[in-house]
Amino acid sequence: DTVVCIGTPLLLTASPGTDFEWATPLGPFIGATVNLASVGANASGTWSVSALQSGCITGSGSIDVLVDIPEVSIVDEGPFTLCAGESALLQASAGMVTYVWTPGALQGQFVSTSSAGSYMVIGTDAFGCNDTAGTAIVSTFEFTSPLTALAPVVCAGSDVDATANGSGTINWYSDASLSQILATGGSFTIPEVLDNTIVYLTQFEEPCTSAPLALAINVDPVPPAPVIVGDTLLCTGEALLLVVPSLFPAQWTTPAGIIN
C-alpha cells in the first residue's frame with residue numbers, strides 16, 4: 001500500500017516485462033510507469049497492473065493507493081482586540097501531529113499571542129501531509145487620544161494643580177498598584193505638597209484601561225530666611241546700605257515703598 005498527499009505526484013512502476021496494462025480508479029493506463037503530477041481524492045483505491053506477452057497475460061499485481069486529505073481549521077477566527085497586557089488564545093482543530101502558526105512560528109494546537117497580526121496555521125498529519133487554515137485577526141486597542149499629564153514645579157507646602165488630557169475617563173491614584181483612587185477627571189489639585197512625590201493616572205475607553213502613567217510632582221524646598229547685613233544706626237544724611245546673600249532675588253519692603 002502507498003499513501004500520497006492530495007495535490008502531490010504519484011509514481012507507480014511495474015516490472016519485469018515490456019507490455020503493461022493498468023486498471024485504476026482513474027481509468028486504464030498503458031506502459032510500465034504511471035506518473036501523475038498531482039493526484040486528487042478520486043485516485044484512492046486499488047491500482048492493478050497486468051504484464052502481457054503476445055497478447056497473453058503473464059503476470060499481474062495490485063497496490064492500494066490512499067490519497068490523504070488533511071484538514072485543519074481555526075476554531076475561533078476572532079477578530080480579537082487586545083487591551084494593554086492582554087493576549088489572545090488561538091486554537092486549531094484537533095487531529096494533526098504538528099501545528100505551526102505564522103507570523104511568529106508559534107507551535108502547538110493552542111498558542112497565545114499578544115502581537116497584532118493576521119494568523120494562519122499549518123497542520124501536518126501522521127502521513128506528513130499538511131493543510132493550511134486562516135485567518136485569525138488579532139489587533140491591539142488604540143486610544144482615540146493617548147493619555148498625557150503635566151504638573152508644575154512648586155515650593156514646599158504649596159498646592160499642585162496637575163492636569164491630564166486623553167480620551168475616555170481619567171482616574172488619578174496615589175500608588176502604582178492603583179488601589180487608592182484620588183480623583184476622576186482632567187485635573188487634580190494636590191494640597192500642601194511638602195516633598196517630591198508621584199501620582200499615577202489611567203484612562204478608560206471601552207473596552208480598555210491603559211497602563212498606569214506615572215506623573216512626578218517636583219517640589220522646591222523652602223529657602224532659609226535671608227540674613228540682612230548692614231548698619232542700622234545712622235546719622236541724618238548718611239547713606240543706608242543693607243545687603244542680603246545673592247542667593248535671593250530680593251524684594252525690599254521699606255517705609256519709602258517697595259524696592260527691587
Side-chain angles (χ1 to χ4, degrees), residues 73-94 99-121 133-225 247 249:
S73 62
I74 297 176
V75 174
D76 184 356
E77 295 183 345
F80 302 94
T81 300
L82 304 182
C83 301
E86 292 184 341
S87 59
L89 179 64
L90 305 180
Q91 177 184 353
S93 56
Y99 301 83
V100 178
W101 298 76
T102 57
L106 305 173
Q107 298 188 29
Q109 182 184 356
F110 301 87
V111 296
S112 179
T113 180
S114 57
S115 300
S118 299
Y119 286 83
M120 303 174 65
V121 63
T135 305
I137 305 298
V138 178
S139 61
T140 53
F141 181 80
E142 300 290 340
F143 288 94
T144 304
S145 177
L147 181 63
T148 60
L150 181 66
V153 178
V154 297
C155 295
S158 300
D159 295 347
V160 177
D161 294 321
T163 58
N165 290 291
S167 52
T169 301
I170 298 173
N171 288 326
W172 303 71
Y173 298 88
S174 63
D175 59 315
S177 61
L178 311 180
S179 63
Q180 299 293 326
I181 190 168
L182 298 172
T184 296
S187 62
F188 174 53
T189 298
I190 308 171
E192 300 179 356
V193 179
L194 299 176
D195 297 300
N196 291 342
T197 188
I198 298 176
V199 294
Y200 301 86
L201 300 88
T202 63
Q203 67 181 135
F204 172 76
E205 185 177 0
E206 185 69 35
C208 292
T209 298
S210 69
L213 172 67
L215 176 62
I217 309 297
N218 295 314
V219 177
D220 283 342
V222 175
L247 169 68

A.B. asks: State, to 0.1 Å, how close L201 and L215 come at their nearest heavy-atom pair, and which atoms those are.
C.D. replies: CD1-CB, 3.8 Å
A.B. asks: How far does CD of Q107 sit from OH of Y99, to the nearest 0.5 angstrom?
C.D. replies: 13.0 Å
A.B. asks: Quick one: are V154 and D220 in side-chain contact, heavy atoms under 4.5 Å?
C.D. replies: no
A.B. asks: State which residues pass side-chain hydrogen bond (donor to acceptor under 3.5 Å, both in side chains) with E205; sequence neighbours excluded, sorted by chain then number.
C.D. replies: T144, S167
A.B. asks: How long is the straight-line distance from CG of L150 back to CG of N165, given to the nearest 0.5 Å?
C.D. replies: 9.0 Å
A.B. asks: Show the nearest heavy-atom pair for residues A164 and L147, with the distance to one decimal.
C.D. replies: CB-CD1, 4.4 Å
A.B. asks: Applying side-chain hydrogen bond (donor to acceptor under 3.5 Å, both in side chains), name anything that partners D175, two or more places apart in sequence or on another chain.
C.D. replies: S177, S179
A.B. asks: For P103, what residues pass the side chain to side chain contact (heavy atoms under 4.5 Å, CB included) criterion, not counting sequence neighbours?
C.D. replies: Y119
A.B. asks: Can you name the ring pair (Phe, Tyr, Trp, His ring centres under 6.0 Å) partners of F110, sequence neighbours left out?
C.D. replies: none
A.B. asks: If you look at every heavy atom in A151 and A216, which pair is closest and at what distance?
C.D. replies: CB-O, 4.4 Å
A.B. asks: Identify the heavy atoms of S118 and I137 that sit nearest to each other, and give their distance.
C.D. replies: OG-CD1, 3.4 Å
A.B. asks: Nearest 0.5 Å, what's the OG1-CD1 distance between T197 and I217?
C.D. replies: 7.0 Å
A.B. asks: Which pairs pass side-chain hydrogen bond (donor to acceptor under 3.5 Å, both in side chains) with one or both residues in residues 76-92, sequence neighbours excluded?
C.D. replies: S87-S112
A.B. asks: Give the intermediate values and the outcome of side-chain contact (heavy atoms from CB on, under 4.5 Å) for residues V138 and L82.
C.D. replies: CA-CA 7 Å; V138 178; L82 304 182; 3.7 Å; yes
A.B. asks: For residues 133-169, which residue pairs qualify under ring-ring contact (aromatic ring centres under 6.0 Å, His included), counting only residues two or more places apart or in two chains?
C.D. replies: F141-F143
A.B. asks: Would you give the length of the straight line joining atom CG of L106 to atom CG of L90, rounded to the nearest 0.5 angstrom?
C.D. replies: 8.0 Å
A.B. asks: For the residue pair T184 and T169, establish whether any side-chain heavy-atom pair is separated by less than 4.5 Å.
C.D. replies: yes
A.B. asks: Quick one, L178 and P212 - any side-chain contact, counting heavy atoms below 4.5 Å?
C.D. replies: yes
A.B. asks: For the residue pair V219 and D195, what are the closest heavy atoms and their distance?
C.D. replies: CG2-O, 3.4 Å
A.B. asks: Are the side chain of Q203 and the backbone of I170 linked by a donor-acceptor contact shorter than 3.5 Å?
C.D. replies: no
A.B. asks: Minimum heavy-atom separation for V100 to A105, with atom names?
C.D. replies: CG1-CA, 4.3 Å
A.B. asks: If the condition is side chain to side chain contact (heavy atoms under 4.5 Å, CB included), which residues does S174 pass it with, not counting sequence neighbours?
C.D. replies: Q180, L182
A.B. asks: Report the residues that fulfil side-chain hydrogen bond (donor to acceptor under 3.5 Å, both in side chains) with S158, sequence neighbours left out, ordered by chain and then residue number.
C.D. replies: none
A.B. asks: For D159, enumerate each residue passing the side chain to side chain contact (heavy atoms under 4.5 Å, CB included) test, keeping only those at least two apart in sequence or located in another chain.
C.D. replies: T189, P191, E192
A.B. asks: Under the ring-ring contact (aromatic ring centres under 6.0 Å, His included) definition, can you give me all pairs with a residue in residues 160-218, not counting sequence neighbours?
C.D. replies: W172-F188
A.B. asks: Check disulfide (SG to SG under 2.5 Å) between C83 and all other residues, then give those that pass, not counting sequence neighbours.
C.D. replies: C208
A.B. asks: Could you note down all residue pairs passing disulfide (SG to SG under 2.5 Å) where residues 159-199 supplies at least one of them, sequence neighbours left out?
C.D. replies: none
